[in-house]
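Notes follow once the structure below has been shown.
Residue numbering restarts at 1 for every chain, and letters A, B, ... go by the order of the sequence lines.
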Amino acid sequence: MHDKRKNRETALSGRTDSRKKGAGVAFAVHKEKKASPIGVLLSVLFWLAVWEIAARALNSSLLLVSPVTVLRRLAQLMGTYAFWQNIGTSLIRIAKGYLLGAVCGILCGILSAFFPAARTLLSPLLSVVKATPVTSLVILALVWIKSYNLSIFICFLMVFPILTESVRQGIVDADRELLEVAYVYRLSPGRKIRFIYLPSIRPHLITALSTSIGFAWKAGIAGEVFARPKLGIGSRLFDSKVYLETADIFCWTLVIVLLSMIIEKGVLWLLQRSRKKETVPPKEETNV
Amino acid sequence: MSEPIILKDICKSFDGKKVLENFSAVFPSPGLTAVMGSSGAGKTTLMRILLGLIQPDSGSISGLESHTPSVVFQENRLFPGLTALGNAEAAGVSGGDGKYWLGKLGLGEALDLRPNSLSGGMQRRVAIARALCYGGSLFILDEPFKGLDIVTRAGVMEIFRELKREKAVILITHDPEEAKLLADQTIYIRAI
């Protein structure tokens with residue numbers, strides 16, 4: 001018993017000897033400081049310089065183009081209608097898959113939390129989808145699905161298991177003591193959902209939605225690379241590779257990275273903003 | 001007027017460990033019964049049986065079906081997303097206005113505060129206000145004075161004195177003084 005406790009304390013503090021000196025406590029409460037904007041800018045400039053030096057050293061626009069060339073080419077592409085059309089098409093396609101996966105995931109999460117049979121039924125499917133590499137899923141899906149819809153399907157497969165698990169966990173984690181209060185006071189199902197289940201699901205849901213958007217975006221683009229629909233960032237990335245347009249490969253990759261960051265931040269901002277303030281329940285509703 | 005609650009030969013075990021064995025009691029309605037006993041004697045188990053949260057292994061209970069319970073649990077169990085007023089009225093209002101009860105309990109200025117902005121004693125009073133707002137016919141109060149200062153305690157005692165004239169009140173307490181001041185009868189549960 002004593003050993004177990006000692007081990008746990010050791011794990012919490014990092015090291016037994018440092019804890020004795022008080023350093024362990026400092027380690028336990030240590031908070032990482034956020035990097036300053038100047039620091040971030042300097043680090044970006046450093047890596048751009050490394051890239052520029054490497055490009056000059058290689059001196060081959062086929063192998064590695066300089067960041068200046070990439071930015072120049074990006075500016076050119078941004079001036080064309082096709083650039084925005086490709087981005088718009090990819091965004092719509094991925095959004096469709098993401099929303100479909102989120103809605104189905106939330107529904108299945110609720111079902112699997114309240115009905116053990118639903119959980120048992122879904123469990124093998126979720127395990128297989130989670131364990132299968134994206135490329136395998138894309139190649140398999142290519143057999144059945146039209147190139148335009150492939151990304152939608154792949155995004156759906158990325159989002160669905162994450163949302164199902166998170167919503168189920170949120171419901172399972174609902175405060176048992178508050179559920180007892182709800183039982184004794186005969187709270188209506190609506191109030192139970194608003195006062196107990198939603199607050200419990202919310203943090204799980206926010207994490208799942210913001211995490212899965214990144215997966216959906218990357219998997220959706222990968223799907224486009226394989227399926228090569230008429231329009232889409234993935235298709236343009238593949239074309240650039242086929243025609244050995246290295247600057248274009250970098251441009252489209254840069255677009256993917258920037259959009260990924262914007263979308264992730266945007267979704268997180270929207271989710272946090274949508275967090276409704278709980279209000280006093282209406283008086284006319286009486287349960288007695 | 002509601003029927004008295006009669007418990008006869010109630011037994012309850014958890015994992016083979018007996019908590020209540022052949023427990024019998026009559027809780028008058030109206031009237032206040034104090035339930036006392038050492039920690040682990042089965043007071044909370046008895047409360048959970050009366051609330052229908054657990055079923056006894058054997059024995060019978062009568063009169064309970066004619067009652068609607070209002071409860072103050074040992075823990076405050078407030079909804080963290082709701083204000084003090086929201087919590088008081090969370091179960092629907094029949095015993096009176098949430099504002100009225102919170103005001104009576106000295107929380108008139110704290111109606112819009114959420115539980116994490118309230119002190120332990122204030123949270124306790126919100127939990128009491130919720131029970132009063134719900135206005136059941138059977139009040140089960142598990143150490144309701146926990147964390148209350150002397151003045152507030154006296155005020156809450158006065159409310160319970162009024163309450164017991166019309167309703168069945170079961171007060172679970174460790175404090176013989178509370179039982180002496182409020183109870184019409186006191187039941188002692190001995191640990192098995």
(Q) For a quick test of reading the model, state the closest non-hydrogen atom pair linking B/R77 to A/L178 and the distance between them. (A)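 Where B/R77 meets A/L178 most closely, the heavy atoms are O-CD2, 3.5 Å.
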
Q) Above 12 or not: heavy atoms from other molecules or residues under 6.0 Å from CZ of A/F115? A)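 Open: at most 12 neighbouring heavy atoms sit under 6.0 Å from CZ of A/F115.
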
Q. Crowded around B/E65 CD? As in, over 12 foreign heavy atoms under 6.0 Å?
A.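 Enclosed: over 12 neighbouring heavy atoms sit under 6.0 Å from CD of B/E65.
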
Could you check if a side-chain atom of [X] sits within less than 4.5 angstrom of a side-chain atom of [Y], using non-hydrogen atoms only?
X	Y	result
B/Y134	A/R186	yes
A/V181	B/F79	yes
A/Y185	B/P69	no

Q. What distance do B/L82 atom CG and A/R191 atom CZ have between them, rounded to the nearest 0.5 Å?
A.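 Going from CG on B/L82 over to CZ on A/R191, the span is 9.0 Å.
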
**Q.** Segment of B/L78 engaging chain A (4.5 angstrom heavy-atom cut-off)
**A.**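 Backbone only.
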
Q | Structural part of B/R130 lying under 4.5 Å from a heavy atom of chain A | A |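 Contact with chain A involves both backbone and side-chain atoms of B/R130.
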
